[in-house]
Amino acid sequence: MLQVQFIRENKETVLAGLAKRNFANAEAIVTQVLTADENRRATQVAMDDILAESNKLSKEIGGFFKSGEVQKANLLKEKTGQLKEQSKELVEKLNDFAEELQNLLFQIPNIPHASVKAGSSEDDNENIFSEGVIPDLGENALPHWELAKKYDIIDFELGTKITGAGFPVYKGKGAKLQRALINYFLDKNIAAGYKEYQVPHLVNTASATATGQLPDKEGQMYHSNEDDLYLIPTAEIPITNMFRGNLVQASDFPICCTGYTPCFRREAGSYGAHVRGLNRLHQFDKVEIVRIEHPDNSYHALSGMVEHIKDILRELKLPYRILRLCGGDTGFTAALTFDFELFSTAQDRWLEISSASNFETFQANRLKLRFKNKHGKSEFAHTLNGSSLALPRVLAGILENYQTADGIKIPDVLVPYCGFDTIS
């Protein structure tokens, strides 16, 4: 979440940033934040005054008792009792103001980076880079869900039988290709300096709140009411929360993590032909990269993440493009996001396969993730994350773009991981 001091000192900048996002009632909620903060600070000052007065009286009481002036000491003790009652009332008010302030701050998204343009939807995103050759498959090209059935490598109906729609079963070479992609992505990330972690697939409320999934995306997460745990929609949550509450050293930067997890998303309201097959699932596999960075280096790090993902797609020889998201399409917690999309030739459409984002201090504020700067003062680190990569649409792109009359070719870089070069 945004820091109150930043809002207080940069109100117009905050309002301009929220306007980029088309954030409703920005002026009203920012005013409420500043009012709640003013009330909280005034109450804190009153409490500090009472504490100072109590300490002063305590010393005077001790002096009166020593000099035998018991009556004067007792009168002052009565006064300290009154101050204690006032202090209790102020503590309650302070807690109320603090809770009100936090609830208000939870409603405000991050401020977009200066390079982010205003816009209302994905139609306003900027196409900043494209690479790769879109193959000419001819009129008989099949979408991946038909290829999956033809070669018996993914069974969508069986997944529906076992669980429901959006939970496919991978079979035979389909399962092995899935595993190959996971291992390939992890190996690429490790070679680039990311440390691998295996993390829990369920998180508590504190973890989901710290990275910004709660309260913003509560309806999109699967929740176990009895245990009050959430199935993760991305490995970003458990990996980033490994550092919740930490005071790291500046010498520790960059902190680079990667991990594979299944991901779970309710995807409420997702219907239509565009969600067929692997296009949108309730359970899917993803390899994530997370970085904890010094604020001075975070945007250089983001550029490095983008180049790293580009390198993977080049090796897979898949046609892709990169979008810089506009204000209206940028996620709640992000300051700047680059989306990667590959071209699905058989579907004649672009499919999002990765997002690389810099959250600046937005998550770190919730995480209370700090470091000591060169002046010895604590300040918030910057957090970043990216998909490297999400598997379903990458797999869909491979099946569709590599299809031939004789079967589906496997990208050369994956053959050592698969042990076969064709699905036929």
Side-chain angles (χ1 to χ4, degrees), residues 1-3 6-7 10 12-23 26 105 108-131 192 194 210-213 216-217 234 236-237 239-240 253-257 288-313 320-341 350 352-367 369 379-390:
M1 59 188 174
L2 296 179
Q3 299 176 58
F6 179 81
I7 298 175
N10 303 275
E12 296 307 316
T13 300
V14 170
L15 291 175
L18 295 178
K20 275 189 181 183
R21 288 180 168 272
N22 304 299
F23 184 71
L105 290 171
I108 302 177
N110 203 352
I111 301 304
H113 185 261
S115 65
V116 175
K117 292 188 176 180
S120 57
S121 71
E122 61 184 22
D123 295 331
D124 300 313
N125 294 335
E126 299 175 86
N127 185 352
I128 62 170
F129 185 84
S130 60
E131 190 174 48
Y194 292 87
T211 46
Q213 278 67 33
D216 180 51
K217 294 182 177 66
T234 169
E236 169 201 344
I237 305 174
I239 291 176
T240 308
F253 295 130
I255 300 171
C256 305
C257 312
E288 197 81 356
I289 50 177
V290 170
R291 297 178 74 104
I292 313 297
E293 289 280 356
H294 190 287
D296 293 345
N297 190 58
S298 67
Y299 279 97
H300 176 72
L302 180 61
S303 297
M305 292 168 68
V306 168
E307 291 301 316
H308 174 65
I309 298 167
K310 285 165 68 173
D311 186 50
I312 293 175
L313 291 169
Y320 71 95
R321 68 181 184 181
I322 303 175
L323 306 177
R324 178 164 48 211
L325 300 192
C326 69
D329 201 34
T330 299
F332 187 89
T333 55
L336 176 61
T337 296
F338 295 103
D339 269 7
F340 284 74
E341 297 182 338
W350 292 95
E352 181 192 334
I353 54 170
S354 175
S355 289
S357 301
N358 189 348
F359 307 106
E360 297 185 354
T361 62
F362 193 87
Q363 287 184 335
N365 189 15
R366 293 191 183 199
L367 289 156
L369 169 55
E379 64 175 289
F380 291 120
H382 279 195
T383 62
L384 305 90
N385 93 285
S387 305
S388 179
L389 291 161

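Atom set for the values below is all heavy atoms of this structure, side chains included, hydrogens, waters and symmetry mates excluded. Being a predicted model, the structure only gives us computed values, none of them experimental.
Applying the side chain to side chain donor-acceptor pair (under 3.5 Å) rule to Ser357 yields the partners Thr337; only residues at least two apart in sequence or on another chain are considered. Every salt bridge (Lys or Arg N to Asp or Glu O under 4.0 Å) that Glu307 has, sequence neighbours left out, goes to Lys310. Checked against salt bridge (Lys or Arg N to Asp or Glu O under 4.0 Å), Asp311 has the following partners two or more places apart in sequence or in another chain: Lys188. Under the side chain to side chain donor-acceptor pair (under 3.5 Å) criterion, Thr211 pairs with Gln213, not counting sequence neighbours.
When all heavy atoms are compared, the tightest approach of Ala210 to Leu367 is CB-CD2, 3.5 Å. Nearest heavy-atom pair, Pro112 versus Gly17, reported as atom, atom and distance to 0.1 Å: CD-O, 3.4 Å. Closest heavy-atom contact between Ser354 and Ser387: OG-O, 2.6 Å. Across all their heavy atoms, Val306 and Ala356 have their closest contact at CG2-CB, 4.4 Å. Shortest non-hydrogen contact noted between Glu379 and Pro295 is OE1-CG, 3.9 Å. The heavy-atom pair separating Ala381 from Phe253 by the smallest distance is CB-CZ, 4.1 Å.
Of the options Glu288, Arg291, Gln363, a side-chain hydrogen bond (donor to acceptor under 3.5 Å, both in side chains) to Asn385 is made by Glu288 and by none of the others. Each of Ile353, Thr330, Leu325 was compared with Asp339 under the side-chain contact (heavy atoms from CB on, under 4.5 Å) criterion, and only Leu325 meets it.
Using the six-membered ring where Trp is involved, Tyr320 and Phe129 have ring planes that are tilted, between 30° and 60° apart.
Glu341 CD to Ser355 OG: the interatomic distance, rounded to the nearest 0.5 Å, is 9.0 Å. The OG1 atom of Thr361 sits 8.0 Å away from atom CZ of Phe6, with the distance rounded to the nearest 0.5 Å. In this structure, CD1 on Ile111 lies 9.5 Å from CG on Asn10, to the nearest 0.5 angstrom. In this structure, the separation between OG on Ser388 and CD1 on Ile289 is 4.5 Å, given to the nearest 0.5 Å. Note that SG of Cys326 and CG of Asn22 are 8.0 Å apart. Values are rounded to the nearest 0.5 Å. One finds the OG1 atom of Thr240 at 9.5 Å from the CG atom of Leu384 (value rounded to the nearest 0.5 Å).
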Worksheet item: What's the verdict on side-chain contact (heavy atoms from CB on, under 4.5 Å) for Phe359 and Arg366, showing C-alpha distance, side-chain angles and the deciding distance?
Response: CA-CA 11 Å; Phe359 307 106; Arg366 293 191 183 199; over 6 Å; no
Discussion item. Leu2 vs Asn365, test: side-chain contact (heavy atoms from CB on, under 4.5 Å). Steps then yes/no.
Written reply: CA-CA 7 Å; Leu2 296 179; Asn365 189 15; 5.9 Å; no
Practice prompt. Would you check, one step at a time, whether the test side-chain contact (heavy atoms from CB on, under 4.5 Å) holds for Ile128 with Phe338?
Written response: CA-CA 9 Å; Ile128 62 170; Phe338 295 103; 3.4 Å; yes
Discussion item. Assess the residue pair Val290 and Thr383 against the criterion (side-chain contact (heavy atoms from CB on, under 4.5 Å)); give the C-alpha distance rounded to whole Å, side-chain angles, the decisive distance to 0.1 Å, and a yes or no.
Written reply: CA-CA 7 Å; Val290 170; Thr383 62; 5.9 Å; no
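Between the side chains of Thr333 and Asn110, no donor-acceptor pair is found at a separation under 3.5 Å.
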Side-chain donor-acceptor pairs under 3.5 Å in residues 297-305, sequence neighbours left out?
unit_1 : atom_1 : unit_2 : atom_2 : d
Asn297 : ND2    : Glu293 : OE1    : 3.0
Ser298 : OG     : Asn358 : ND2    : 3.0
Ser298 : OG     : His382 : ND1    : 2.7
Tyr299 : OH     : Glu360 : OE2    : 2.5
Ser303 : OG     : Tyr299 : O      : 3.2

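The salt bridge (charged side-chain N to carboxylate O under 4.0 Å, His left out) contacts involving residues 322-332 comprise Glu126-Arg324, where partners must be two or more places apart or lie in separate chains.
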